[in-house]
Amino acid sequence: DKERPGLYVVDYYRFLSHTHYCFEERKASQVSDLACGGGMAKDLAKNRRVVMPSWTEHEEIKESQQSCTRNKVQTTKYTFLSFIPKNLFEQLHRFANVYFAFLGALNFVPIVNAFQPEISIIPIVFVMSITAVKDLWEDQRRRKSDQKVNNRLCEVYDRKQKQYVERRWAEVCVGDLVRLSCNEIIPADMVLLHSSDPNGVCHIETANLDGETNLKQRQVVRDLQQQGSEFVPENYSSHLECENPNNDLRRFRGFMEHPGKVRVGLHSENLLLRSCTVRNTETVIGIVVYAGHETKAMQNNSGPRYKRSKLERRLNMDVLWCVILLLLMCLIAAVGHGFWLSGRQNPIYMIPDDTHPALAAFYMFWTMIIVLQVLIPISLYVSIEIVKLGQIYFIQNDLDLYNPVLDTGVQCRALNITEDLGQIQYLFSDKTGTLTENRMLFRRCTVAGTEYPHHENAISLEQYEEQGCGDADHSLTLRSRTSRKSLSCKSLSCNRSSLSLNTLTAESDTQSVHDTLRRHTPGAGAFSSTMECAVVPDPQLQARLNTLSSPMCSPLRQQAAEISHILDFFLALTVCNTVVVSSPTQPRHVMPVVRTPLRSLEEMKAMFQKLSLPRFPSSPSQNTDTPPSLTKKLFTRGRSASYFPNNPLQTPITTLQSPTAKDNSADESESDDEDEAEELLYEAESPDEAALVQAAKAYGCTLLGRSPEQVLVAVPGTGPLSIPLLHVLPFHSARKRMSVVVRHPLTGEVVVYTKGADNVIMELAEAAEDGFCREIMERTQRHLDQYAREGLRTLCVAKKVLEEQEYKTWLKRHEYAETSIENREELLLESAERLETNLTLLGATGIVDRLQEEVPESIEALQEAGIKVWVLTGDKQETAINIAFACKLLRPTDHILMANCDSKVTTLLKKLPNVSSTCEARLHELQHEIRQVTKEGVSEDDSSDCVLVIDGRTLDYALQKELQGSFLELTCCCRSVICCRSTPLQKSQVVRLVRDKLKVMTLAIGDGANDVSMIQMADVGIGISGQEGMQAVMSSDFAISRFKFLRKLILVHGHWCYARLANMILYFFYKNVMYVNLLFWYQFFCGFSGSTMTNSWVLIFFNLLFTSIPPIIYGMLDKDVSGETLLDLPDLYKSGQNSQAYLPSTFWMNILDAFYQSLVCFFIPYFAYAGSDIGVFSFGSPINGSALLIILLHQLIESRTVTWIHTALLLFSALFYYVFVLLFSLTCVTCNSPTNPLGIETKMMSEPLYFLVCGLTTVLALLPRILCRAFCSTICPSDLVRAQKMERLSAQDYYMSLRQWKENKAAQRLSSRHVPQNLSVNADMPHLTECIAEAGAVLS
C-alpha cells in the first residue's frame, strides 16, 4: 500500500501482540489447571505466594502460610549471648582493628615482645570498647522501639469465637483478617476486602512511610460482594496469588480468584501498606499478605546511607604509604641489629645466646613492628567518626538553613560524606520544584486552535505576587505544623472529609471552620492560599460557554464545533486526573448536594438541535447522530439518585429537580451552590493536576466527587453528571501522559481522555484529513511555542471515541495484563500505548511556575565558585532556556549551542545507522565552531561562556557508547548544559557518564520521584522536600527545603567540613610519624635492640590520650575563613575543588616536617645530656616533654581560629600529661617491669636544664614551619590567605577590598569575552532565536 507505508508495520505488530497474548493466555490456563488439580508447582511457588484465610483446610497452602514470616519486627542486631562475639566479629572487619589486634597478640610471643603484653592491648581494647558501647546503646534504642511497635493492638478475626478479638501486632500472621478503624495504623501489608464506604473506597495517609501528607485512595478488590453492608468473614472463600515480598512501594502484582473461577487483577490500589494510617473511613477489613520483615515498609528500612568519600579514599592510600614506611623502618632496624650482632663476639654485657644474627634480625623485625605500631594512627578512624557527627550537628542546627515556613532544617541522612560537599565540581539540577516553586497556576489556554490569553487572570496573579506573598507563607506554615499534629491527635484527623458519591447531609462539624481548615491544609498541597487557586475566566471563552445557557441563540456550525471542543476540553481537565475531593466544613460521608436547576429534556434537545452537533461530539469517524430515546435514557441514568444512596437515619435525597420548580427556589439553590462549591478542596499528587481542575472549576466544570467506578462532575447547563469511570491509565515516564476511559453519560460512548507532554500528544494526534482539524493542530503548535517562550509549562489535551467492539477487544487484553504477575508493568504499558493512538486534539494549557526566591543569586554564586551547573528537565526547549535566563544560568553574553535531532524521527528510524552518525557530525560541527571562535584572538577560558542546549532525542544518541567521547568533549568546552525533554533514566545516565568518565565530584538535586535515580547516582544526592512528596528526600544524602539553602550548604559548610577534616587527618599523620621517629632514632644508639627511652605507659598513651582530644575539637570548630566571607567570595570554594588542603605533596611535606622535628627533638636533648650519667628513662623525659609541646604548638600554628575552648584544651592536654607522668613517677614501682620509673620525672623536672632543653627544642623544631607560613602569606599569598587578611580590616576597608576583589575578577572575565553569538545546529526549531531575543519577558 503505497499511500500508507506504515500499515504493514502496524499489522505485523498487531499480529505479534495477538500471538503473544494467545500464548500467555494458554500458559495461564495451564497454570490454573495445575493449581486446581494437584496444588501449585514448586517452581511457581518460588515466584508467587498463595494466600487464603488462616482457617483454610487446604493443607499445602496452610503449611506455606505458616512458614511465612510472622509480624514480629526485630531490628536489633544483638542478643544477650551474641553481643560480644558478634560485635567483635563486626569490628574485626576493619583492617585497622585487625592490624592492632594482631600486634597485641604478637606482643604475647616472648621472643619478639617489646614491652609488657598487657600494656600492648590497651589501645585496641580502648578503641573497640568505645565502639562496642556505642553499638550497644544504639541497639537498646532499637529494642525499645521494637517492643513498642510489637505490643500495639489490632482486631483480628477468630473463627473459633466467631468475632474479632484484640491481638498484638507481633501475633498477626499471613492469612489473618484484620479490621481497622479511622486513624488506626496498619499493622501489616493487607489486601483491602471491605470498606464502610459503599463505593469500596478507603483513604490512607502515607506520612509515616514516605513523608507525603496528601491522602491516597485505595479501593476494594473488584467483584467482591457485601460492600456497604456487614462483612461476614465466613463467607469469604476467594484465594489470591501475588508476587513474593519486595521493596517496591508503588508496585503490587497478583490476582484474586473468586469461587466462580473468575480472576480479578490486583494492583497497588488494593494494597494497604504497613505503617500507613487509615483516614476518612470508619471501618476497613483486609487480609494479610506480607507480615513482619516481609512488608514493603520493612524491606525499605535499610538504615543510614553509606558512601565512601573522596577524602576517605585518599586517606586509605596514605595509610598504605604509612604501612610501607613502617615496614621500611622495621627492615632497617632488623638489618642493623643483624650487623650489630655480627660485629661483636660474645660481649660481656650480653647474655650468651646461640641464635644466629640473621634469625635474631628476623625476630627484631617483628619486635620493631610492635614498638613502632603507633605510626598507624589507631585513634584516627574513631576521631573521624566523632568529628563528622559534630559537623552534622552544626549543619543541622544552622539557623540560616532553617525554613520557618515548613518548620524544617537540613536533614543529614548520610553520615560520612560531609567533606564531599566541599569538593563539588558538577551540579545536576532538576527544574520544576527545584529551581521553581512547583505551585502551578493556570495562566492561559488554547482550545480548538483559538488562543485565550486570560489577561485579567495575568493581572490578578501579578497583584497577588506583589501583595499576597507573605500570606502564602503564613498559610503554608499552618499546613506544615498541623500535619504532624494529626498523627498524634486522633480526634482531629478523622474529621478530614473526602467527598464520595454516596454522601448525605448531616449535622455540621462541631469543630470551628478555622480549626478544620488548619487540619485540612496538609492535603491541599498544590496551593498555599485561596487567592492562588482563583482563576479569572477569559471573557471570550466565557462568552462561548454562555451560549449553552442561551437557548434563543443559534450559533453557526463552525461555532458549534468549537463549542463542542471547548466542552470536551474542560471535561477532560475535570476527569483526567487522580484528584481527591475533600471538604473542610463537613464531617465524614457528608457532601453538599448540588441542586443546580435543570432545564427540561425538551430544552436540552432544542439546544442540541441548534448546535447541529451532539452535546459531546465523537471522533470524526463516529456517527454523530444519537437517538433521542438513548440520550434521554442515558441522561436520566446519569442523573439518578442511585449515586446518592440512602442514609439509614435520614430520608433519601433526590438530586433531580422538577422542571416546574419555582424560580425562587432555583435561585436559592444556585446561591447555595456557589457557597458550597468554593468550599471544595482538591488533594492532588501533583500541583499541575490541581491547577487544571481549578481552572475547569472557574468555567463551571466542577469536580464534585470521585470513586473507583465513577466521577461526579457539574457541567454548565446540566448540573451534576455521574460519569462511569472504566479505567485509569496512570502517568508513566516512558509514555509521558495519562488517560482515563469513561462511558459518556449522554451519548453512551466509550471515550478516552488523554493529557500529557505536548510533543507526545501532537505525535499521537490523528492526522485529520479535513482542513479544519489540520489547521487546529498548526495553530495550537504556534500557541505552544509562544507559551514556551514565556516560560510556561505546557500540556496538551486530546480524546478518542472507541467503537464497542474495539473497546471489548482492547479490554480483553488489558484484563489479561492486569491479572498477570510476571511482566505486568510491560504488558500494561503496551496496553496503554495500544489504546492511545489516533487521538483528536482538543487544546493545550499554559501553567506558570514561579522561580523560588534567591535562585538566580544562588546559581550565580555556584558558577563563580567554579561549579558547572547542568539543568536536566522534561520541559520544552524554549521553556528551559527562558527559565535559564531568569535564574541567571544563561547570561545575555553567552553563546548558546543548540544540538537537536529532528523531532519527527520515529522509533523505526532510530535503528538506521546514519542517524547516530548525523548527530555525531552535529556535535563535531559545534566543536569546530568553538575552535573557530577561539582562533579569533580569544583566550581558551572563553569556552566557559558557551552553554549547550540539547534535547532528549539528541541526548539519547549522545549517550551511546560511540558518541560519549564527542559529547563529553563538547560539554567540557561549555560553562553550563541544559538537557531538555530528558527522562529519569537519561538523567541518571548523564550523571554516571560525567562522574565515571571525567573523574569529577558530582552533586544531584531534585524534588520528585523522577529525580531519585539521578540523586542516587551522584556522589552527593540532595533532595528537596517540596510539593511532589518525599521520595527524593528518602533517597538523598542531604535534604533541604529550598534551593537557596544549597548555596551556604556547599560554599560554607562544605568548605569548612573539607578543610577541617583534611587538616585533622594530616595532623594525625604528622604527630604519629613525629613521635615514632623519636623511637626510631634511638635504635641507632642501642644496637637496634628494640629498646625505648620511655616507659611503655607513656608510649601507648601519648597518641591515644595526651594529643588526641585537641585535633577532634579543631576538626569541629576551626574556621579558616568566616561564613560571610565565603558567601561574599565564592571563588574561595575552588580550593576545595582542587583538594589544596590535602594534596599528595601536602602529605609528604608534613611527613618531611615530622622527620625534621623528630631529629631536632631527639638530638638536642642527646647532645645536652651527652657525657652525663643519667639513665635511659631520664634521657627520654625531656624528649617526651619537648615532643608534647611541639605537637600541641604545631596545631596552634596550623589552626585559623583560637578561642577559649581551644586554649583550654591545649592547656588541659599539657597538664594531663604532666600530672600523669608525675603521679606515675611518684607511685609506680613495678609498673614498667623490669625497670623502675620511681622518682625519675620529679628529679628531671627539678633541674633548670630540663626546661631549657624543652624550650630550645620546641623553638628550633617549629621555626621552619613558622618561617614557611610567613613567607607564603607575604610573598605569594593564596586567595584564602588574602581573605583572612581582609577579615582583619575595619568594616569600611573590608567592603572596599571586597568590591575591588570582585571588580578584578569581573575585569578578568571581560577581557577574555568576545561579542556573543548563537552557534546553532538545529534541525527543526528555527524559531528558537526568537526566544533568546525575548529574554526580557522571562518570568521572575
Practice task
Step by step, work out the salt bridge (Lys or Arg N to Asp or Glu O under 4.0 Å) result for Asp176 and Arg167.
Solution key: CA-CA 11 Å; Asp176 283 345; Arg167 285 187 189 171; 3.8 Å; yes
Nearest 0.5 Å, what's the [atom1]-[atom2] distance between [X] and [Y]?
X	Y	atom1	atom2	answer
Ile287	Tyr157	CD1	OH	13.0 Å
Ser820	Glu825	OG	CD	10.0 Å
Glu166	Leu153	CD	CG	5.0 Å
Ile417	Cys412	CD1	SG	9.5 Å
Cys202	Leu180	SG	CG	8.5 Å
Asp407	Tyr402	CG	OH	3.5 Å

Are the side chain of [X] and the backbone of [Y] linked by a donor-acceptor contact shorter than 3.5 Å?
X	Y	answer
Ser195	Val201	yes
Arg274	Met298	no
Gln299	His293	yes
Ser145	Arg141	no
Thr418	Lys388	no
Arg413	Val1033	yes
Glu282	Ser196	no
Asp1037	Gly1021	yes
Asp189	Lys296	yes
Asp1011	Pro984	no

Completion exercise
In short, Gly265 meets Arg222 closest at the heavy-atom pair N-NH2, 4.4 Å
Problem - Salt-bridge criterion met for Lys86 and Glu90 (N-O under 4.0 Å) - result: no
Exercise for the section: Give the ring-plane orientation class for Phe83 versus Tyr78, where under 30° counts as parallel, over 60° as perpendicular and anything between as tilted. Expected result: perpendicular
More than 12 foreign heavy atoms under 6.0 Å from [atom1] of [X]: is that the case here?
X	atom1	result
Lys162	NZ	yes
Ile84	CD1	no
Lys77	NZ	yes

Just checking, any donor-acceptor pair under 3.5 angstrom between side chains of [X] and [Y]?
X	Y	result
Arg218	Asn270	no
Asn151	Gln147	no
Asn244	Arg49	no

Handout entry: Residue pair Trp169, Val73: steps toward the side chain to side chain contact (heavy atoms under 4.5 Å, CB included) verdict
Key = CA-CA 9 Å; Trp169 276 26; Val73 170; over 6 Å; no
Practice task
Decide salt bridge (Lys or Arg N to Asp or Glu O under 4.0 Å) for Glu234 and Arg159; before the verdict, give the C-alpha distance in whole Å, the side-chain angles of both, and the deciding distance to 0.1 Å.
Solution key: CA-CA 8 Å; Glu234 300 286 345; Arg159 194 181 189 190; 3.3 Å; yes
Handout entry: Derivation of the salt bridge (Lys or Arg N to Asp or Glu O under 4.0 Å) call for Asp139 and Arg143
Key = CA-CA 6 Å; Asp139 204 60; Arg143 187 184 307 278; 3.5 Å; yes
Handout entry: Leu266 and Val221: CA distance, side-chain angles, deciding distance, side chain to side chain contact (heavy atoms under 4.5 Å, CB included) verdict
Key = CA-CA 7 Å; Leu266 301 177; Val221 179; 3.6 Å; yes
Problem - Worked check of side chain to side chain contact (heavy atoms under 4.5 Å, CB included) between Asn246 and Arg251 - result: CA-CA 9 Å; Asn246 58 74; Arg251 188 193 77 184; 3.4 Å; yes
Exercise for the section: In sequence, state the C-alpha distance, the side-chain angles, and the governing distance for Ser275 and Leu273, and then conclude on side chain to side chain contact (heavy atoms under 4.5 Å, CB included). Expected result: CA-CA 6 Å; Ser275 301; Leu273 297 176; over 6 Å; no
